[in-house]
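Single-structure report; data block below.
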There are 2 protein chains.
Amino acid sequence: MGIKRLTRQRRAVLEVVQHAKGYHPDAAWVYGEVRKAVPNISLGTVYRTLEALTEDGYLMPLSRPGEAIRYDANLDGHLHLTCRKCGEFFDIVAPLPDLLSGVRAKYPEFELEGVQVEYQGVCQKCKNVDG
Amino acid sequence: MGIKRLTRQRRAVLEVVQHAKGYHPDAAWVYGEVRKAVPNISLGTVYRTLEALTEDGYLMPLSRPGEAIRYDANLDGHLHLTCRKCGEFFDIVAPLPDLLSGVRAKYPEFELEGVQVEYQGVCQKCKNVDG
DNA sequence: GTGGTTGCAAAGGCTTTGCAGGCAC
DNA sequence: GTGCCTGCAAAGCCTTTGCAACCAC
């Protein structure tokens, strides 16, 4: 249902998440950080705020099987590289051709809104650890 | 650690998942189906088998924030449409341009293996339900 | 003042795990 | 026979939710 009132807690969560650009934090990490500014904030409030911010379009959730939901506060249309070994998400910038119009023409009954492109592989750090 | 022995349970799970092409089932659904053939199979075994099949490359996990992991047994390189409202995954076939070489050249330190393209929007059924 | 928001704690859902017995090879 | 695999049940996450008090507007 989005955010209707800007409380101290929400201001703090927003600030933490926006300063974490490139880190893609999950709820637990945000909770830990926000507690430095608002020591008695509850984990439930963090979850509720992250959900509300997502609904309002400030955040995009990233999910990997079996892992906690991470949030991306950088909605400038960048892409992600994800490491198959450590699960980390890396932001990248790359030009994309028009992927939408072909599919839109072929599947007109589906109301196409966007497309997510996610690159997968092994990051430098994990590559160096084991072959 | 993959599959080393082909037991009755694993044969049954494999059969169920492969016959579910296009449905993208989760562990609970597979459990329900497999029980028709092997009534006393346990949910734990289903989870372990799905994990092993994934490791061996027979399945690809699909995840959406806050939902159970679904599995795709169709690894022919098709794409997915996902409905923002009901969460369903639909298989689509569409030509894709070369998305890899540009990124590979720009981020050589990352061992790029593949790219996932996921289309998002609202499916026909959900579109008809509410504007 | 009103009703959205919070903290707390309990509950919920999905998934993993320890263990003793069983079975594929 | 060996050791991988199974069923069972408990435990482990992550996340959601009910409720009374609180506070932004």
Side-chain angles (χ1 to χ4, degrees), chain A residues 1-17 23-56 58-72 86-89, chain B residues 1-17 23-56 58-72 86-89:
Chain A
M1 64 187 245
I3 286 191
K4 303 247 173 77
R5 292 179 189 174
L6 200 50
T7 62
R8 196 158 63 94
Q9 291 87 338
R10 292 183 165 182
R11 227 188 305 267
V13 169
L14 232 175
E15 174 145 339
V16 163
V17 177
Y23 177 66
H24 312 104
D26 60 13
W29 185 89
V30 172
Y31 177 59
E33 288 299 304
V34 172
R35 264 172 114 63
K36 295 176 184 170
V38 186
N40 69 330
I41 194 175
S42 73
L43 187 54
T45 293
V46 171
Y47 273 101
R48 280 184 286 228
T49 303
L50 291 173
E51 186 191 349
L53 289 171
T54 299
E55 268 183 53
D56 286 353
Y58 292 109
L59 300 177
M60 187 174 75
L62 305 174
S63 66
R64 280 173 61 86
E67 291 192 9
I69 301 171
R70 287 152 164 266
Y71 292 88
D72 191 346
C86 67
E88 204 53 63
F89 289 90
Chain B
M1 63 186 248
I3 286 191
K4 303 246 173 79
R5 290 178 190 174
L6 200 50
T7 61
R8 198 158 63 94
Q9 291 87 339
R10 292 185 163 182
R11 228 189 304 268
V13 169
L14 231 176
E15 174 144 339
V16 163
V17 177
Y23 176 66
H24 312 104
D26 59 15
W29 185 88
V30 172
Y31 177 61
E33 287 301 303
V34 172
R35 265 172 114 63
K36 295 175 184 170
V38 186
N40 69 331
I41 193 175
S42 73
L43 186 54
T45 293
V46 171
Y47 272 101
R48 280 183 285 227
T49 303
L50 291 173
E51 185 191 350
L53 289 172
T54 299
E55 266 183 54
D56 286 352
Y58 293 109
L59 300 177
M60 187 175 74
L62 305 174
S63 66
R64 279 172 61 87
E67 290 192 9
I69 300 170
R70 287 152 163 267
Y71 292 88
D72 190 346
C86 67
E88 204 54 63
F89 289 89

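Order of the sequence lines sets the chain letters (A, B, ...), proteins ahead of strands, with each chain counted from 1. We use all heavy atoms of the structure for the numbers below, so side chains are in, but hydrogens, waters and symmetry mates are not.
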Note to self: Quick check: on DNA chain C, is the nucleotide nearest A/L6 upstream (toward 5') of the one nearest B/L6, or the reverse? Name the residue that is more 5'.
What the structure shows: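 Result of the comparison: A/L6.
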
Next item on the list: Name the residue closer to the 5' end of DNA chain C, choosing between B/R11 and A/G2 according to the nucleotide with the nearest heavy atom.
Entry: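 This one resolves to A/G2.
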
What nucleotide, of [options], holds the atom closest to the side chain of [X]?
X     : options               : result
A/R48 : D/dT15, D/dG7, D/dT17 : D/dT17
A/T45 : C/dT6, D/dC5, C/dT15  : C/dT6
A/T7  : D/dG7, D/dT15, C/dT6  : C/dT6
B/S42 : D/dG7, C/dG3, C/dC8   : D/dG7
A/Y47 : D/dG3, D/dT15, C/dT16 : D/dT15

Round to the nearest Å and state the distance from [X] atom [atom1] to [N] atom [atom2].
X     : N      : atom1 : atom2 : value
B/E51 : C/dC14 : CD    : P     : 18 Å
B/R8  : C/dC23 : CZ    : C1'   : 11 Å
B/R5  : C/dA24 : CZ    : C1'   : 5 Å
B/R64 : C/dG13 : CZ    : P     : 19 Å
A/I69 : C/dG13 : CD1   : C1'   : 13 Å
B/Q9  : C/dG21 : CD    : C1'   : 13 Å
B/R35 : D/dT6  : CZ    : C1'   : 13 Å
A/N40 : D/dA21 : CG    : C1'   : 13 Å

Next item on the list: Pick base, sugar-phosphate or nothing for B/R10, based on heavy-atom distances below 4.0 Å to the nucleic acid.
Entry: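 Sugar-phosphate contact only.
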
Margin query: What contact category does B/D26 fall into here, base, sugar-phosphate, or nothing, at under 4.0 angstrom with non-hydrogen atoms?
Written below: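 Nothing, no heavy atom under 4.0 Å.
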
Notebook entry, point to check: Got a sec: does the CZ of B/F89 have more than 12 other heavy atoms crowding it under 6.0 Å?
Noted result: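 It does: B/F89 CZ has more than 12 such atoms within range.
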
Checklist line | Residue mapping more 5' on DNA chain D - nearest nucleotide basis, B/G66 or B/K4 | finding: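 So the residue in question is B/K4.
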
Margin query: Between B/V46 and A/L43, which residue's closest nucleotide on DNA chain D lies nearer the 5′ terminus?
Written below: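 The residue mapped nearer the 5' terminus is B/V46.
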
Next item on the list: Find out whether B/R8 and B/V38 are in side-chain contact, i.e. whether some heavy atom of one side chain is under 4.5 Å from a heavy atom of the other.
Entry: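 When only atoms from C-beta onward are counted, B/V38 and B/R8 do touch, with a gap below 4.5 Å.
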
Next item on the list: Determine the sole option in B/L62, B/T54, B/V30, B/L53 for which the side-chain contact (heavy atoms from CB on, under 4.5 Å) test with B/Y71 is passed.
Entry: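 Exactly one candidate clears the test, B/T54.
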
Item checked: Ion pair check, A/R70 and A/E88, cut-off under 4.0 Å ->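 Between A/E88 and A/R70 there is a salt bridge, with a charged N closer than 4.0 Å to a carboxylate O.
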
Notebook entry, point to check: What are the two closest heavy atoms between B/I41 and B/Y31, and how far apart are they?
Noted result: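 In this case the closest contact between B/I41 and B/Y31 is O-CE1, 3.4 Å.
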
